[in-house]
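Below you'll find the structure, written out as structure tokens, and then a few comments.
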Amino acid sequence: MKTVFFSMENLCVPCGCRCRHCLLSYDGSTPGAEYHRGKEIARRVAAESTVPFSYYIGFCMDTPELLDYIAFCQEIGSPGGSFLQMNGLKIRAAEETQALVRQIREAGIQQIDCTFYGLPPYHDRFAGRSGDFDFLLSILRAAQAAALPVKCSIPITEENADQMETLLPLLEGYRPDEIRFFLPHSKGRGWHLEEQRLRASTLQKLPPSVQAHMPTVRTQTEAMWIAEGAFPAPSERYLTLSLTEENVAKYENMPAAEMLRELEDLDEAFYGAIPPASELAALYGDPHGEKLYRYRDLVLLWTKRFLRDHAPSLPDFTEERGHFSVRS
């Protein structure tokens with residue numbers, strides 16, 4: 001198993017939303033370390049790491065340190081120096097929103113992402129905040145005025161699929177750079193959306209204008225993946241270390257190579273307890289399943305079910321609120 005990427009997260013900024021598919025901000029707490037303390041660890045590790053390294057903060061970007069964070073990401077070559085996710089910000093007046101967007105554009109941000117969950121009433125319920133949809137539209141207007149490219153991301157499910165034909169032209173009116181659907185995975189609160197996963201029969205009924213915005217990665221039904229019979233073993237891993245108030249002192253003086261070894265050991269211990277994908281398919285696969293998946297997300301779902309049934313006490317190294325890995 002080859003380690004190809006090393007990331008560090010510091011979940012030190014609270015989010016204003018409580019989205020139903022959320023990876024990370026389940027309860028409003030912010031477990032991350034103090035911002036500047038985390039940044040200094042990341043600066044050292046970026047210089048020491050022998051594999052590509054990135055650093056990011058969360059749960060959202062609503063922090064007085066935002067411009068400093070952008071500059072730091074540019075310094076170490078991390079994606080946050082050019083791209084920002086804009087959901088969960090405190091709702092602002094139009095003038096404040098315009099000023100914020102101008103600031104980040106001038107700081108070097110080249111693209112932002114706004115995630116929409118459906119039409120206004122549904123979106124606001126899904127995001128757990130009244131007025132969230134209209135606030136995101138104000139961000140789109142501000143980005144348009146600042147000539148800042150925008151990507152609109154939309155999780156598409158059985159529950160909201162019939163809203164897409166109306167939502168798409170509404171968003172297109174703001175001339176975003178890209179509009180792309182995605183299929184929610186089973187991490188975080190996404191585990192509870194499995195019953196709403198999009199089915200092939202539903203997708204086929206949607207107009208071509210909607211289908212054109214589906215993910216470009218290979219996606220097919222569970223039945224098709226199982227019938228194909230190919231369950232390739234992953235050969236690469238992406239490792240992420242999560243800084244917290246509890247562990248920050250431990251990592252302040254730990255060499256990057258030692259951090260990486262710790263994560264690799266955790267990854268090996270976790271996946272050593274999980275059967276290969278072919279066995280998971282035999283245990284949990286539905287040979288008639290019509291729900292749509294990327295291969296990696298289907299294996300993740302089977303892995304989650306195995307953990308639930310056979311290893312409930314095993315720390316879940318797929319969850320992103322803590323140290324985690326992604327294998328491919």
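Position 1 is the first residue of the sequence, and the numbers go up from there.
With hydrogens and angles left out, the side-chain atoms of S54 and S7 include a donor and acceptor closer than 3.5 Å. When only modelled atom types and interatomic distance are considered, E222 and W302 share a side-chain donor-acceptor pair under 3.5 Å. Between the side chains of Y117 and D132, no donor N or O sits under 3.5 Å from an acceptor N or O. In this structure, a donor-acceptor pair under 3.5 Å is absent between the side chains of S186 and R197.
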Could you pull out every donor-acceptor pair under 3.5 Å between side chains of residues 163-176 and any protein atom, sequence neighbours left out?
unit_1: Q163; atom_1: OE1; unit_2: L119; atom_2: N; d: 2.7
unit_1: Y174; atom_1: OH; unit_2: R141; atom_2: NH1; d: 3.3

Expected list for residues 230-245: side-chain donor-acceptor pairs under 3.5 angstrom, two or more places apart:
unit_1: R237; atom_1: NE; unit_2: T3; atom_2: OG1; d: 2.9
unit_1: R237; atom_1: NH1; unit_2: D267; atom_2: OD2; d: 2.7
unit_1: R237; atom_1: NH1; unit_2: E268; atom_2: OE2; d: 2.8
unit_1: S242; atom_1: OG; unit_2: E9; atom_2: OE2; d: 2.8
unit_1: T244; atom_1: OG1; unit_2: E246; atom_2: N; d: 3.3
unit_1: T244; atom_1: OG1; unit_2: N247; atom_2: N; d: 3.1
unit_1: T244; atom_1: OG1; unit_2: N247; atom_2: OD1; d: 3.4
unit_1: T244; atom_1: OG1; unit_2: N247; atom_2: ND2; d: 3.4

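Residue L266 is grouped with residue F270 when hydrophobic side chains (ILVMFWY) are merged at heavy-atom distances under 4.5 angstrom, including chains of intermediate members. F59 and M61 fall into different hydrophobic clusters, where Ile, Leu, Val, Met, Phe, Trp and Tyr are joined by side-chain heavy atoms under 4.5 Å apart, directly or via other members. I109 and I76 end up in the same hydrophobic cluster when Ile, Leu, Val, Met, Phe, Trp and Tyr side chains are linked at under 4.5 Å. Criterion: ILVMFWY side-chain heavy atoms under 4.5 Å apart, direct or through other members. Under it, M224 and L301 are not part of a common hydrophobic cluster. Hydrophobic cluster membership differs between F5 and V217, with clusters built from Ile, Leu, Val, Met, Phe, Trp and Tyr side chains linked at under 4.5 angstrom.
Between F133 and H123, the ring planes lie perpendicular to each other; the angle is over 60°, past the 30° to 60° tilted range. Aromatic ring orientation, W225 versus Y295: tilted (interplanar angle from 30° to 60°).
Salt-bridge formation is detected for the pair E252/R37: a Lys NZ or Arg NE/NH1/NH2 atom is positioned less than 4.0 Å from an Asp or Glu carboxylate oxygen. A salt bridge links E40 with R43: the distance from a Lys NZ or Arg NE/NH1/NH2 to an Asp or Glu carboxylate oxygen falls below 4.0 Å. Comment: R44 engages E48 in a salt bridge, judged by a side-chain N to carboxylate O separation of less than 4.0 angstrom. Using a 4.0 Å cut-off between charged side-chain N and carboxylate O, K250 and E262 make a salt bridge.
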task: Step by step, work out the salt bridge (charged side-chain N to carboxylate O under 4.0 Å, His left out) result for K39 and E75.
output: CA-CA 11 Å; K39 186 179 81 167; E75 174 190 329; over 6 Å; no
Audit row: E228, R218, salt bridge (charged side-chain N to carboxylate O under 4.0 Å, His left out) steps and yes/no: CA-CA 13 Å; E228 203 171 83; R218 189 180 180 204; 2.3 Å; yes
task: Go through the steps to decide whether R92 and D62 satisfy the test salt bridge (charged side-chain N to carboxylate O under 4.0 Å, His left out), and finish with yes or no.
output: CA-CA 11 Å; R92 293 162 163 79; D62 209 347; 2.8 Å; yes
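Counting non-hydrogen atoms of other residues, nucleotides and ligands closer than 6.0 Å to CG of N253 gives a total of 12 or fewer.
Residues meeting the side-chain hydrogen bond (donor to acceptor under 3.5 Å, both in side chains) test with H323, sequence neighbours left out: Y251.
Here the side chain of Y55 pairs no donor or acceptor atom with the backbone of I41 at under 3.5 angstrom.
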